[in-house]
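Beneath this line is the structure, given in structure tokens, with notes to follow.
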Amino acid sequence: MRLNRVAEAAAAEPAAAGNQAESVKRGVLGTTASRELPVVLAGAAIAEKLILHVFLVNCSDKAQEDAPLLTAPQEFVLVSGPDRADTGQGIPEFKDPRFLVLPGGRPRTVRRTWLDTFDWRLFRAGLTLELVAGRSTAELVLTGCDGEQVAAEPAADPPIRWPCRLDQLPAGPLRERLVPVLGVRALLPVARATSALAELRAVNADEKTIAILALDQMRVARPAGAGTCGAPPARLSVRPLRGYQAQAAKLAAALALTTGVDQATESPFEAAVAATGRRPGDYTGKLDVRLTGAMPASLALGTVLGRLFDTALANLPGTMADIDTEFLHDLRVCVRRTRSVLKAAAPVLPGGLLDRYRPEFKWLGDLTTPTRDFDVYILQYPAMRQALRAASESELEPFLHFLQRRRAAAFRQLVTGLRSARFKSLAAGWRADLERLTSVPPSRRYAADAYAATTIARAHRRVLRDGQAITPASPPQALHELRKRCKELRYLIEVFASLRDQAEQARAISELKTLQDCLGEFQDTDVQSAELRVFANAMMADRSAPAETLLAMGEIAGALAVRQAAARQEFARLFAGFCGPHGRAGIEALTKARS
Amino acid sequence: MKVIATYNIKGGVGKTATAVNIACLAASEGYRVLLWDLDPQAAATFLFRVRPKVKGGGKALIAGKRPVDDAIKATDFDNLDLLPADFTYRHLDLHLDSERKSGTRLRNLITPLRRQYDLIVLDCPPSISLLSENVLQAADLLLVPLIPTTLSVRTLDQLTGFIAGFDGRRPQILAFFSMLDRRKRLHTETVEQLPAERKDLAAAWIPALSVIERMSVQRAPVTATAPRSQAARHYRELWAETRKRANLPPPAAVG
């Protein structure tokens with residue numbers, strides 16, 4: 001607009017307008033002089049007040065080639081402060097409108113829901129999934145670390161209910177992209193917000209848009225429902241247009257120097273999550289504790305047990321709501337780790353504590369086992385169905401329905417148990433006793449480092465002893481017992497990971513994991529074979545299985561037997577390696593106290 | 001990816017107005033569009049407020065010393081990019097002539113862009129030259145604006161004859177009446193007679209309207225600044241016919 005006026009003035013009064021028109025021309029074609037240039041952001045309440053001081057730059061071809069380019073959107077936050085008010089001093093005098101900011105599209109409001117798994121798998125994979133809903137449209141948008149869109153999918157009809165498993169998402173490239181990252185985990189809303197969006201255009205002296213400025217004023221909703229829990233500072237994103245990256249870089253550089261404008265240090269997703277009092281990645285199923293070698297062993301164990309208990313409780317609501325199978329899995333892992341620690345804690349923790357809680361955690365573990373067993377069956381069902389050779393896939397379907405019914409019954413019992421007075425008493429008592437344990441001056445008999453070395457060495461010796469006793473004639477139970485000893489050893493290594501060299505620990509885990517995988521395959525196939533017979537009898541008894549289904553189950557049993565035999569054969573070779581000098585050295589490196 | 005060229009041997013017939021409006025309409029429908037302003041007069045470039053400058057000029061571009069990618073500018077319209085004109089384009093014939101396979105050089109330059117764009121619109125200068133031969137080799141459809149006068153119809157005959165004798169890839173021709181003024185008797189007579197004689201004539205036509213001429217003042221396509229105007233309606237009809245003739249699939253199916 002302004003340039004047009006200058007051009008008109010030049011036409012009417014060439015002499016008078018000459019100087020002004022010349023300065024505009026220099027603005028377009030470039031000059032070597034630098035001069036200060038105020039620019040006004042218009043079109044939004046905040047932007048109207050913001051005056052930017054942009055410096056005229058040399059934009060000759062050579063300078064353009066060497067100039068830094070803004071190749072990706074740059075984000076700023078508009079912070080309030082005492083200096084900010086001073087900028088609203090009316091319309092500034094334009095000395096040289098190299099960049100002018102004009103209103104863009106219509107302002108609009110969108111509802112935003114950020115989604116991730118309970119254990120932040122998308123965040124850890126550098127991805128952000130957002131449901132953006134307008135008046136009549138909704139779209140799921142997956143973006144990468146750099147804000148670049150990876151995939152998008154309409155999601156308005158039918159609306160998606162959260163939590164949502166992968167198979168409940170609309171089929172398409174977005175779902176395909178999520179499959180390897182999410183696995184069996186469900187998507188949960190991790191933050192909700194309403195954004196008032198305004199789009200502005202930064203134009204050059206030709207009034208050609210060189211960058212889009214997106215203004216986002218976000219109000220973060222309370223996770224539980226009504227009301228807002230915060231409004232992070234408004235965000236201003238500078239999105240360069242192709243071919244104008246150098247000019248957009250100048251604009252962004254000028255913005256960065258402007259009072260009341262700061263570089264954004266977190267994404268809108270991180271800002272929204274922070275407003276709810278959380279931070280992305282704040283949950284992990286891994287045991288993440290920092291111990292020191294000189295720490296009394298009882299304090300170290302108290303810290304570990306406390307963290308395990310926190311993790312177990314974090315998984316409790318998701319387990320009871322049956323959001324996905326991993327909540328129960330992580331809960332069980334915590335219980336097993338707790339039991340392993342308690343088993344090895346006799347010299348360190350008070351005897352009364354162990355006597356009271358070891359049976360209680362065994363009860364809790366046993367309570368969760370039936371549901372988990374059915375989960376494993378159902379998770380493996382697609383693979384079992386695909387492996388059928390003689391039977392058709394549809395013939396096996398009654399078996400799936402049987403598993404689902406049994407799983408539902410087992411789950412009801414699990415929930416009853418988790419709501420029982422016994423569980424409440426266990427939880428309340430354990431928390432109080434753990435607090436006492438870490439607050440009472442501990443016995444100095446063991447330092448954590450020495451204790452770790454001793455317990456890992458003892459667990460290792462047990463694995464070697466039990467494994468060496470196994471012969472080809474040993475019953476499956478002997479391998480099951482060895483698997484338990486391996487798990488105990490593995491948990492102890494993980495519990496004391498922060499006291500050991502990471503490379504040594506990784507090597508030990510690697511040695512152990514190969515053996516554990518083989519033992520796991522042997523036990524799973526053994527247990528599943530036995531269970532298949534039980535299931536077949538039960539299905540015959542309640543007349544829920546046609547003969548074709550039983551035949552198909554027989555085929556599965558045959559395949560399990562083949563896998564079991566292969567695992568048994570493989571065990572001898574792997575255990576020989578584990579007992580060999582290289583295998584032993586891997587574990588024994590962890591059995592030496594550092595202090 | 002389809003390539004459409006607005007082309008006529010004659011100047012001042014509405015090639016640029018057609019190119020920018022067709023490109024803008026296609027982009028508004030979701031097609032990813034590149035408009036290449038091949039005319040050193042740079043009218044299309046001016047309309048989109050872009051500087052008529054290509055680094056290294058037409059010579060570097062034709063010789064492949066500067067990637068075409070680097071010269072592309074975004075317009076102010078979603079999905080629509082522009083490869084601007086440069087005054088050195090007046091020597092494009094010479095630069096093309098110095099290349100091996102000079103007749104297909106333009107096609108070879110735009111072929112790598114097929115991943116980025118669904119449609120390329122070439123706004124050509126008025127001439128019949130080596131550049132014209134390149135345009136014919138590159139285009140799937142020639143969109144030929146035709147002022148309904150005897151001389152204009154003669155140039156269409158010349159063009160048709162040139163293409164018929166052309167040794168190589170022959171694009172389809174879609175001629176249409178441009179700058180039609182029904183107050184002029186010659187225009188009315190030509191519009192009544194010519195369709196019976198020529199099968200390559202579009203049913204859509206573009207009237208002579210001041211709002212189209214004022215695009216140079218607004219510096220934007222009339223289909224964007226006055227989408228409900230009579231001019232915009234005519235361009236939409238022409239675009240619909242062009243899309244059908246070019247056999248361009250719907251935006252979602254393109255890729």
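Letters go in sequence order (proteins before strands), and every chain restarts at 1. Computed from a predicted structure; not experimentally measured.
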Is atom [atom1] of [X] surrounded by more than 12 heavy atoms (other residues, nucleotides or ligands) closer than 6.0 Å?
{"X": "A:Q245", "atom1": "CD", "answer": "yes"}
{"X": "A:R111", "atom1": "CZ", "answer": "no"}
{"X": "B:R214", "atom1": "CZ", "answer": "no"}

### Task
In plain terms, say whether B:D70 and A:R242 are close enough for a salt bridge, that is, a side-chain N and a carboxylate O under 4.0 Å apart.
no
#### Entry: Heavy-atom pair with the smallest gap, counting every atom of B:R49 and A:D206
NH1-O, 3.1 Å
### Task
Tell me the residues of residues 73-98 of chain B whose non-hydrogen atoms fall below 4.5 Å from those of chain A, in number order.
B:K73, B:A74, B:T75, B:D76, B:D81
